[in-house]
Amino acid sequence: MNIGVYIENGGLNTLNISNSMIDQLAALDQAESHFRSENIKFGIRHRMRSGKAVLNHTQFLGYTKGPDGVLQIVPEEAEIVRKIFELYIQGNGVRKIKRYLEEHGIETVTGKAEWSTSTIDRMLSNEKYIGEVRMQKTFTADFMTGRREKNIGQLASYLVEDAHEPIIDQETFELAQQMKGSIKKQHKVCQTTESPSEMIFK
C-alpha cells in the first residue's frame, strides 16, 4: 500500500530500505528481546535458587505484603479463608461454598459480590495459606507471545517453608488436598506426570 514505517531508533524508513534489510533488522530486534527476556528469567531463577520467595501478593485474599516484603495476614480476610476451608472439609463442594459466601454477603478480594468456583478451588490448593511458597509452578514458554505453561517437570521448582505466618494449619490443608484428590479420581481426571525436580528451603 506504499505506506512506510519510520523507525526512530536508527532513523530508518522502510520505504527507503530493501525487504532483506527489514528482515535483518527484525531478526536483530527479536534476538535482543530474547536476550533481555533470558536475563530477566536468569535473575528471577537465581533468587528462587537462593530461597528468596518471588510472588505476587496483589489480589491475594488473606494477605498483604509488609514493609519487609514478607506476607502479612489481613485478619478479616483470613477469617474468610478459614471459613472456606472449614466448609470444604465438612463436605461442601465449591458450588455450595460459592452459594454460602454470596448469601452471606461476603465479597471477593476485589470487592465483587459474585464468587468464581475456580477461584475457590485454587484457594483450597494454595500452599501459601500454610506459610509456604512454591515457586515456578508455571513458566513462560514463548517470550514472543508471553504464553505460560504449567511446570510439570520441564524446569526445577522451589519450595520455601516457613516463608510467612500461616492462616491454615497443616492438618486442615492436607485433609483438603486428600478430599480434592478423591474427587478428581471419582471424575477420572487424574493425570500421570513426571515429578519435577524440587529444591526445598527450610
Side-chain angles (χ1 to χ4, degrees), residues 44-45 47-139 148 150-152 156-187 189-190 195-196 198-202:
I44 292 173
R45 287 168 183 164
R47 290 184 61 192
M48 290 179 181
R49 285 192 295 270
S50 65
K52 296 179 180 178
V54 180
L55 53 88
N56 180 10
H57 72 286
T58 58
Q59 299 185 358
F60 183 26
L61 188 69
Y63 288 105
T64 187
K65 187 175 285 187
D68 56 357
V70 178
L71 291 181
Q72 292 183 347
I73 291 177
V74 180
E76 58 273 20
E77 294 182 4
E79 287 305 312
I80 300 173
V81 175
R82 295 189 185 100
K83 174 56 70 174
I84 288 172
F85 273 85
E86 177 187 338
L87 290 169
Y88 188 75
I89 63 176
Q90 288 176 353
N92 298 282
V94 291
R95 288 185 178 82
K96 287 185 178 180
I97 295 174
K98 165 184 164 70
R99 186 160 57 248
Y100 174 92
L101 296 170
E102 292 172 354
E103 288 176 351
H104 285 77
I106 300 173
E107 296 181 342
T108 68
V109 69
T110 55
K112 295 180 181 179
E114 184 176 353
W115 285 74
S116 165
T117 53
S118 61
T119 296
I120 297 170
D121 186 67
R122 286 194 300 270
M123 287 177 63
L124 291 165
S125 298
N126 196 327
E127 80 288 341
K128 296 181 186 68
Y129 289 127
I130 54 172
E132 298 179 351
V133 177
R134 186 180 299 278
M135 297 177 290
Q136 204 154 244
K137 290 187 283 189
T138 62
F139 66 98
R148 297 192 66 80
K150 187 175 181 179
N151 183 8
I152 54 174
S157 64
Y158 305 87
L159 179 66
V160 181
E161 297 179 334
D162 299 321
H164 49 268
E165 185 180 357
I167 292 176
I168 302 299
D169 63 83
Q170 187 80 33
E171 183 180 357
T172 299
F173 186 80
E174 289 180 357
L175 178 57
Q177 305 322 298
Q178 291 172 11
M179 294 174 66
K180 284 170 66 68
S182 297
I183 292 172
K184 284 184 179 180
K185 287 180 181 178
Q186 290 171 9
H187 288 83
V189 295
C190 286
S195 297
E198 179 177 87
M199 187 179 293
I200 298 176
F201 301 91
K202 297 181 180 296

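Keep in mind that this is a model prediction, so the values were computed, not measured.
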Of the non-hydrogen atoms in [X] and [Y], which two are nearest, and what is the gap between them?
X      : Y      : value
Lys98  : Thr117 : CD-CG2, 3.7 Å
Glu77  : Gly62  : OE1-N, 2.8 Å
Gln72  : Gly66  : CD-CA, 3.6 Å
Glu102 : Ala113 : CG-O, 3.4 Å
Pro166 : Gly131 : CB-N, 3.7 Å

Let me confirm one number: the [atom1]-[atom2] distance from [X] to [Y], rounded to the nearest 0.5 Å.
X      : Y      : atom1 : atom2 : value
Asn126 : Met123 : CG    : CE    : 8.0 Å
Ile130 : Glu165 : CD1   : CD    : 14.0 Å
Ile97  : Ile120 : CD1   : CD1   : 6.0 Å
Ile84  : Asn92  : CD1   : CG    : 11.5 Å

Given side chains that start at C-beta, do those of [X] and [Y] come closer than 4.5 Å, heavy atoms only?
X      : Y      : result
Thr172 : Asp169 : yes
Leu87  : Lys96  : no
Gln90  : Glu86  : yes
His164 : Val133 : yes
Val94  : Trp115 : no
Phe60  : Val109 : no
Leu71  : Thr64  : no

Task: Test item: side-chain donor near acceptor, Asp121 and Ser118, under 3.5 Å - done: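 Note: Asp121 and Ser118 side chains miss the donor-acceptor criterion.
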Task: Between Glu174 and Gln170: side-chain donor-acceptor atoms closer than 3.5 Å - done: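 Yes, because at least one side-chain N or O of Glu174 sits under 3.5 Å from a partner of the opposite role on Gln170.
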Open item on the list: Test your reading of the model: is there a side-chain donor-acceptor pair from Gln177 to the backbone of Phe173, 3.5 Å cut-off?
Closed with: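 Yes.
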TODO: Please name the residue in the list Thr108, Val81, Val74, Thr110 that meets the side-chain contact (heavy atoms from CB on, under 4.5 Å) test with Leu61.
DONE: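 With Leu61 as partner, Thr108, Val81, Val74, Thr110 yield a single side-chain contact (heavy atoms from CB on, under 4.5 Å), made by Val81.
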Open item on the list: With a sphere of 6.0 Å drawn around CD of Glu171, does it hold more than 12 non-hydrogen atoms of other residues, nucleotides or ligands?
Closed with: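 Counting other residues, nucleotides and ligands, CD of Glu171 stays at 12 neighbours or fewer.
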Task: Aromatic ring proximity Phe85/Tyr88, centre distance under 6.0 Å - done: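 No, too far apart.
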TODO: Apply side chain to side chain contact (heavy atoms under 4.5 Å, CB included) to Ile167 and Arg82, showing your working.
DONE: CA-CA 7 Å; Ile167 292 176; Arg82 295 189 185 100; 3.8 Å; yes
Open item on the list: One pair to check against salt bridge (Lys or Arg N to Asp or Glu O under 4.0 Å): Glu132 and Lys128. What are the steps and the verdict?
Closed with: CA-CA 5 Å; Glu132 298 179 351; Lys128 296 181 186 68; over 6 Å; no
